[in-house]
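Single-structure report; data block below.
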Amino acid sequence: MPELPEVENFKKYFDGTSLNQKIVAFDCADDRLLKQARDLFSNQLIGKHFESSKRIGKYFFVETNGDPTLVMHFGMTGRLTYYKDQEDRPKFAHIVFEFENGFHLGFENKRKFGWMDLTTSIDSYQKEKKLSDDARDLSWKAFYNALKNRKTFIKPVLLDQKVAAGIGNWMADEILYQAKIHPESKIEAMKEKQLKSIFDAMKKVIETAIEKEAVYADFPQDFLMHNRREDGNCYHTGDDIIKTKVGGRATYISPSWQKKID
DNA sequence: TCCTATGTTGTCAT
DNA sequence: AATGACAACATAGG
(Lines give C-alpha, C1' and ligand atoms only; values in the text may rest on other atoms or scores of the structure.)
Protein backbone atom coordinates (compact mmCIF):
# COMPACT_ATOMS: atom_id res chain seq x y z
CA MET A 1 0.00 0.00 0.00
CA PRO A 2 2.41 2.59 1.08
CA GLU A 3 2.89 5.55 -1.21
CA LEU A 4 2.86 9.15 -0.08
CA PRO A 5 -0.76 9.30 1.19
CA GLU A 6 -0.52 5.96 2.95
CA VAL A 7 2.72 6.91 4.68
CA GLU A 8 1.06 10.18 5.68
CA ASN A 9 -1.61 8.04 7.36
CA PHE A 10 1.09 6.05 9.15
CA LYS A 11 2.59 9.30 10.37
CA LYS A 12 -0.71 10.44 11.84
CA TYR A 13 -1.18 7.04 13.44
CA PHE A 14 2.33 7.08 14.84
CA ASP A 15 1.99 10.62 16.19
CA GLY A 16 -1.29 9.68 17.84
CA THR A 17 0.07 6.59 19.57
CA SER A 18 3.80 6.46 20.00
CA LEU A 19 5.26 9.87 20.85
CA ASN A 20 6.73 10.78 24.24
CA GLN A 21 6.70 7.33 25.73
CA LYS A 22 9.81 5.75 27.10
CA ILE A 23 11.05 2.87 24.99
CA VAL A 24 11.81 -0.15 27.16
CA ALA A 25 12.48 -2.87 24.60
CA PHE A 26 13.38 -3.41 20.99
CA ASP A 27 12.74 -6.69 19.23
CA CYS A 28 13.60 -7.72 15.71
CA ALA A 29 12.78 -11.12 14.30
CA ASP A 30 14.79 -10.70 11.12
CA ASP A 31 17.95 -8.63 11.05
CA ARG A 32 17.78 -8.30 7.29
CA LEU A 33 15.28 -5.51 7.90
CA LEU A 34 17.91 -3.51 9.79
CA LYS A 35 20.46 -1.36 8.00
CA GLN A 36 22.60 -1.13 11.14
CA ALA A 37 23.62 -3.73 13.69
CA ARG A 38 20.75 -4.74 15.93
CA ASP A 39 22.71 -3.77 19.05
CA LEU A 40 22.98 -0.24 17.73
CA PHE A 41 19.20 0.07 17.59
CA SER A 42 18.83 -1.37 21.09
CA ASN A 43 21.63 0.63 22.62
CA GLN A 44 20.67 3.92 21.05
CA LEU A 45 16.89 3.74 21.40
CA ILE A 46 16.07 1.93 24.63
CA GLY A 47 15.55 4.45 27.40
CA LYS A 48 14.80 7.23 24.93
CA HIS A 49 11.46 8.38 23.64
CA PHE A 50 10.21 9.39 20.21
CA GLU A 51 9.86 13.13 20.10
CA SER A 52 8.66 14.10 16.65
CA SER A 53 8.27 12.66 13.21
CA LYS A 54 8.73 13.81 9.67
CA ARG A 55 7.79 12.29 6.37
CA ILE A 56 9.68 12.88 3.14
CA GLY A 57 8.05 10.95 0.36
CA LYS A 58 7.79 7.36 1.49
CA TYR A 59 10.57 7.77 4.02
CA PHE A 60 9.50 8.21 7.63
CA PHE A 61 11.86 9.81 10.14
CA VAL A 62 11.43 9.77 13.90
CA GLU A 63 13.52 12.04 16.06
CA THR A 64 14.26 11.05 19.63
CA ASN A 65 15.27 12.96 22.71
CA GLY A 66 18.89 12.18 21.83
CA ASP A 67 21.17 11.88 18.85
CA PRO A 68 19.64 9.05 16.89
CA THR A 69 16.88 9.60 14.40
CA LEU A 70 15.10 6.46 13.32
CA VAL A 71 14.42 6.05 9.61
CA MET A 72 11.69 3.74 8.39
CA HIS A 73 10.77 2.63 4.92
CA PHE A 74 7.69 0.48 4.46
CA GLY A 75 8.58 -1.18 1.18
CA MET A 76 5.64 -2.74 -0.63
CA THR A 77 3.81 -4.26 2.30
CA GLY A 78 4.64 -2.30 5.43
CA ARG A 79 2.44 -0.70 8.06
CA LEU A 80 2.37 0.18 11.75
CA THR A 81 0.23 -1.39 14.42
CA TYR A 82 -0.05 -0.22 18.01
CA TYR A 83 -1.25 -2.93 20.33
CA LYS A 84 -1.15 -3.93 23.95
CA ASP A 85 -0.79 -7.63 24.64
CA GLN A 86 1.95 -9.82 23.29
CA GLU A 87 -0.69 -12.23 21.95
CA ASP A 88 -1.98 -9.44 19.74
CA ARG A 89 1.36 -9.10 17.96
CA PRO A 90 0.54 -9.18 14.24
CA LYS A 91 2.00 -12.13 12.41
CA PHE A 92 4.26 -9.97 10.25
CA ALA A 93 5.31 -7.48 12.92
CA HIS A 94 8.97 -8.35 12.48
CA ILE A 95 10.14 -5.32 14.42
CA VAL A 96 8.53 -4.23 17.68
CA PHE A 97 9.14 -1.40 20.12
CA GLU A 98 7.79 -1.78 23.62
CA PHE A 99 6.87 1.28 25.64
CA GLU A 100 6.82 1.83 29.38
CA ASN A 101 3.01 1.75 29.42
CA GLY A 102 3.06 -1.85 28.21
CA PHE A 103 1.91 -1.07 24.69
CA HIS A 104 3.83 -2.06 21.59
CA LEU A 105 4.44 -0.51 18.22
CA GLY A 106 4.78 -3.16 15.54
CA PHE A 107 6.43 -2.60 12.18
CA GLU A 108 4.65 -5.07 9.95
CA ASN A 109 6.34 -6.13 6.77
CA LYS A 110 5.01 -9.21 5.12
CA ARG A 111 7.27 -9.10 2.11
CA LYS A 112 10.33 -7.80 3.95
CA PHE A 113 11.15 -5.06 1.48
CA GLY A 114 10.80 -2.50 4.25
CA TRP A 115 13.64 -1.58 6.56
CA MET A 116 14.86 0.63 9.40
CA ASP A 117 17.99 2.70 9.61
CA LEU A 118 19.54 5.16 12.03
CA THR A 119 20.87 8.59 11.26
CA THR A 120 21.74 11.75 13.11
CA SER A 121 20.43 14.24 10.60
CA ILE A 122 17.35 14.14 8.41
CA ASP A 123 18.82 16.77 6.12
CA SER A 124 22.05 14.93 5.47
CA TYR A 125 20.17 11.65 5.03
CA GLN A 126 17.96 13.28 2.41
CA LYS A 127 21.00 14.69 0.63
CA GLU A 128 22.83 11.40 0.73
CA LYS A 129 19.90 9.61 -0.88
CA LYS A 130 19.40 12.53 -3.25
CA LEU A 131 15.79 12.43 -2.25
CA SER A 132 13.80 15.37 -3.61
CA ASP A 133 11.57 17.45 -1.39
CA ASP A 134 8.33 15.73 -0.54
CA ALA A 135 6.09 15.78 -3.59
CA ARG A 136 3.40 17.53 -1.56
CA ASP A 137 5.69 20.50 -0.92
CA LEU A 138 7.71 20.36 -4.10
CA SER A 139 7.85 23.57 -6.14
CA TRP A 140 7.08 23.66 -9.85
CA LYS A 141 10.56 24.98 -10.45
CA ALA A 142 12.28 22.10 -8.66
CA PHE A 143 10.04 19.57 -10.37
CA TYR A 144 10.68 21.05 -13.78
CA ASN A 145 14.43 21.19 -13.25
CA ALA A 146 14.59 17.58 -12.16
CA LEU A 147 12.56 16.50 -15.17
CA LYS A 148 13.51 18.62 -18.11
CA ASN A 149 16.74 16.92 -19.17
CA ARG A 150 15.55 13.36 -18.76
CA LYS A 151 15.36 11.32 -21.92
CA THR A 152 12.96 8.54 -21.23
CA PHE A 153 9.26 7.93 -20.74
CA ILE A 154 7.41 10.13 -18.30
CA LYS A 155 6.19 7.38 -16.02
CA PRO A 156 9.51 5.93 -14.85
CA VAL A 157 10.72 9.46 -14.16
CA LEU A 158 7.67 10.18 -12.00
CA LEU A 159 8.59 7.09 -10.00
CA ASP A 160 12.12 8.39 -9.43
CA GLN A 161 12.32 9.52 -5.81
CA LYS A 162 14.93 12.09 -6.80
CA VAL A 163 12.27 13.88 -8.87
CA ALA A 164 9.16 13.88 -6.69
CA ALA A 165 9.57 11.91 -3.49
CA GLY A 166 6.49 9.93 -2.57
CA ILE A 167 5.06 9.06 -5.97
CA GLY A 168 4.57 5.33 -6.40
CA ASN A 169 3.06 3.08 -8.99
CA TRP A 170 -0.65 3.70 -8.49
CA MET A 171 -0.13 7.43 -8.05
CA ALA A 172 1.91 7.70 -11.24
CA ASP A 173 -0.89 6.00 -13.17
CA GLU A 174 -3.49 8.24 -11.53
CA ILE A 175 -1.52 11.43 -12.16
CA LEU A 176 -1.05 10.65 -15.84
CA TYR A 177 -4.69 9.69 -16.19
CA GLN A 178 -5.76 12.97 -14.60
CA ALA A 179 -3.36 14.88 -16.84
CA LYS A 180 -4.62 12.96 -19.91
CA ILE A 181 -1.09 11.98 -20.83
CA HIS A 182 0.13 8.55 -21.88
CA PRO A 183 2.80 7.03 -19.59
CA GLU A 184 5.04 6.31 -22.57
CA SER A 185 5.19 9.93 -23.61
CA LYS A 186 8.75 11.12 -24.12
CA ILE A 187 9.78 13.95 -21.88
CA GLU A 188 11.93 15.61 -24.51
CA ALA A 189 8.91 15.78 -26.81
CA MET A 190 6.69 17.40 -24.21
CA LYS A 191 6.02 21.09 -23.94
CA GLU A 192 6.49 22.89 -20.64
CA LYS A 193 2.75 23.37 -20.48
CA GLN A 194 2.22 19.63 -20.62
CA LEU A 195 4.73 19.05 -17.88
CA LYS A 196 2.96 21.70 -15.83
CA SER A 197 -0.33 19.85 -16.29
CA ILE A 198 1.35 16.74 -14.88
CA PHE A 199 2.64 18.77 -11.95
CA ASP A 200 -0.84 20.14 -11.30
CA ALA A 201 -2.36 16.68 -11.54
CA MET A 202 0.24 15.41 -9.09
CA LYS A 203 -0.76 18.03 -6.54
CA LYS A 204 -4.43 17.26 -7.05
CA VAL A 205 -3.94 13.51 -6.62
CA ILE A 206 -1.83 14.00 -3.49
CA GLU A 207 -4.25 16.38 -1.79
CA THR A 208 -7.28 14.31 -2.72
CA ALA A 209 -5.72 11.08 -1.50
CA ILE A 210 -4.61 12.63 1.78
CA GLU A 211 -8.01 14.20 2.34
CA LYS A 212 -9.66 10.81 1.77
CA GLU A 213 -7.03 9.14 3.96
CA ALA A 214 -6.01 6.91 1.06
CA VAL A 215 -9.37 5.11 1.10
CA TYR A 216 -9.64 4.51 -2.63
CA ALA A 217 -13.39 3.90 -2.55
CA ASP A 218 -13.85 7.48 -1.36
CA PHE A 219 -11.89 8.99 -4.25
CA PRO A 220 -13.84 11.08 -6.79
CA GLN A 221 -15.65 9.06 -9.44
CA ASP A 222 -13.37 10.23 -12.22
CA PHE A 223 -10.28 8.79 -10.55
CA LEU A 224 -8.62 5.88 -12.31
CA MET A 225 -8.35 3.95 -9.04
CA HIS A 226 -11.99 2.87 -9.42
CA ASN A 227 -11.19 1.24 -12.74
CA ARG A 228 -7.52 0.39 -12.38
CA ARG A 229 -7.86 -3.27 -13.26
CA GLU A 230 -7.86 -5.37 -16.39
CA ASP A 231 -11.62 -5.36 -16.94
CA GLY A 232 -11.98 -1.69 -16.00
CA ASN A 233 -13.48 0.96 -18.24
CA CYS A 234 -12.49 4.57 -18.62
CA TYR A 235 -14.85 6.88 -16.73
CA HIS A 236 -14.69 9.42 -19.54
CA THR A 237 -14.70 7.36 -22.73
CA GLY A 238 -16.07 4.02 -21.58
CA ASP A 239 -13.25 2.27 -23.39
CA ASP A 240 -11.37 -0.64 -21.87
CA ILE A 241 -8.54 0.11 -19.51
CA ILE A 242 -5.41 -1.53 -20.86
CA LYS A 243 -2.84 -3.17 -18.66
CA THR A 244 0.74 -3.07 -19.83
CA LYS A 245 4.27 -2.69 -18.51
CA VAL A 246 6.23 0.53 -18.50
CA GLY A 247 9.65 0.69 -16.94
CA GLY A 248 9.12 -2.80 -15.63
CA ARG A 249 6.04 -1.84 -13.63
CA ALA A 250 2.39 -2.76 -14.13
CA THR A 251 0.72 0.19 -15.83
CA TYR A 252 -2.96 0.90 -16.49
CA ILE A 253 -3.92 3.22 -19.33
CA SER A 254 -7.01 4.55 -21.04
CA PRO A 255 -5.54 4.79 -24.54
CA SER A 256 -8.35 6.91 -25.95
CA TRP A 257 -8.14 9.37 -23.06
CA GLN A 258 -4.39 9.65 -22.57
CA LYS A 259 -2.45 11.21 -25.39
CA LYS A 260 0.95 9.78 -26.27
CA ILE A 261 3.44 12.52 -26.95
CA ASP A 262 6.53 11.44 -28.83
C1' DT B 1 4.06 -24.67 -11.01
C1' DC B 2 3.94 -20.10 -12.46
C1' DC B 3 2.78 -15.44 -12.07
C1' DT B 4 1.86 -11.19 -9.75
C1' DA B 5 2.16 -7.53 -6.19
C1' DT B 6 1.41 -0.24 -3.82
C1' DG B 7 9.50 -0.35 -3.79
C1' DT B 8 14.22 0.24 -3.67
C1' DT B 9 18.96 -0.87 -4.84
C1' DG B 10 22.92 -2.83 -7.19
C1' DT B 11 25.01 -3.82 -11.58
C1' DC B 12 26.25 -3.01 -16.07
C1' DA B 13 26.49 -0.53 -20.22
C1' DT B 14 26.38 3.88 -22.36
C1' DA C 1 29.68 11.70 -13.04
C1' DA C 2 25.06 10.75 -14.80
C1' DT C 3 21.65 8.23 -16.83
C1' DG C 4 18.86 4.33 -18.24
C1' DA C 5 17.59 -0.60 -18.38
C1' DC C 6 16.91 -4.36 -15.80
C1' DA C 7 17.71 -7.99 -12.45
C1' DA C 8 17.64 -8.92 -7.54
C1' DC C 9 15.81 -8.78 -3.15
C1' DA C 10 11.68 -11.99 0.03
C1' DT C 11 7.16 -13.63 0.51
C1' DA C 12 2.25 -14.71 0.15
C1' DG C 13 -1.52 -15.65 -2.50
C1' DG C 14 -4.21 -16.64 -6.72
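A note on names: the letters A, B, ... follow the listed sequences, proteins ahead of strands, and every chain is numbered from 1. A quick note: this is a predicted structure, and the numbers were derived from the prediction, not measured.
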Give me the stems containing DNA chain C, sorted by first residue, counting only three or more consecutive Watson-Crick or G-U pairs with both distances under 3.5 Å; say none if there aren't any. B:2-5 with C:11-14, B:7-14 with C:2-9

Find the distance [X]:[atom1] to [N]:[atom2] and express it as a whole number of Å.
X       : N      : atom1 : atom2 : value
Y59(A)  : dT9(B) : OH    : C1'   : 9 Å
R249(A) : dT9(B) : CZ    : P     : 13 Å
W115(A) : dT8(B) : CH2   : C1'   : 9 Å
R111(A) : dC3(B) : CZ    : C1'   : 12 Å
F113(A) : dT8(B) : CZ    : P     : 11 Å
D117(A) : dT8(B) : CG    : C1'   : 13 Å
L33(A)  : dT9(B) : CG    : P     : 14 Å

Salt bridge (Lys or Arg N to Asp or Glu O under 4.0 Å), paired with D173(A), selected from R229(A), R249(A), K155(A), K243(A): K155(A)

Judged by nearest nucleotide, the residue sitting upstream toward the 5' end of DNA chain B, K35(A) or Y252(A), is Y252(A)

Start at the 5' end of DNA chain B and walk down; is the nucleotide closest to K129(A) or to R228(A) reached first? R228(A)

dT11(B) to dA10(C) separation - P atoms, rounded to the nearest Å: 15 Å

Taking the same atom, P, in dG13(C) and in dT8(B), what whole-Å distance lies between them? 23 Å

Single hit among F97(A), F26(A), W115(A) for ring pair (Phe, Tyr, Trp, His ring centres under 6.0 Å) with F41(A): F26(A)

For F10(A), run the ring pair (Phe, Tyr, Trp, His ring centres under 6.0 Å) check against Y59(A), F107(A), F60(A), F74(A) and tell me which one passes. F74(A)

Whether F99(A) and F50(A) hold their rings parallel, tilted or perpendicular, with breakpoints at 30° and 60°: perpendicular

Is H73(A) near enough to dT8(B) that one of its side-chain N or O atoms lies under 4.0 angstrom from OP1 or OP2? yes

Are R136(A) and E207(A) within salt-bridge range, i.e. N to O under 4.0 Å? yes

Ion pair D88(A)/K84(A), N-O distance below 4.0 Å: no

Reckon G248(A) touches a base, only the sugar-phosphate, or nothing at all at heavy-atom distances under 4.0 Å? nothing

What contact category does K243(A) fall into here, base, sugar-phosphate, or nothing, at under 4.0 angstrom with non-hydrogen atoms? sugar-phosphate

Take a 6.0 Å sphere around NZ of K203(A) and say whether it holds more than 12 heavy atoms from other residues, nucleotides or ligands. yes

Extract, from 5' to 3' on DNA chain C, the first and final nucleotides lying under 4.0 angstrom from some heavy atom of chain A. dG4(C) to dA12(C)

Can you pull out the residues from residues 131-165 of chain A that lie within a 4.0 Å heavy-atom distance of DNA chain C? R150(A), K151(A), T152(A)

Can you confirm whether the side chains of [X] and [Y] place a donor and an acceptor under 3.5 Å from each other?
X       : Y       : answer
K162(A) : S132(A) : no
D240(A) : N233(A) : yes
D239(A) : S256(A) : yes
N20(A)  : E51(A)  : no

When you group the ILVMFWY residues by side-chain heavy-atom contacts below 4.5 Å and let the links chain together, are M72(A) and Y13(A) in the same group? yes

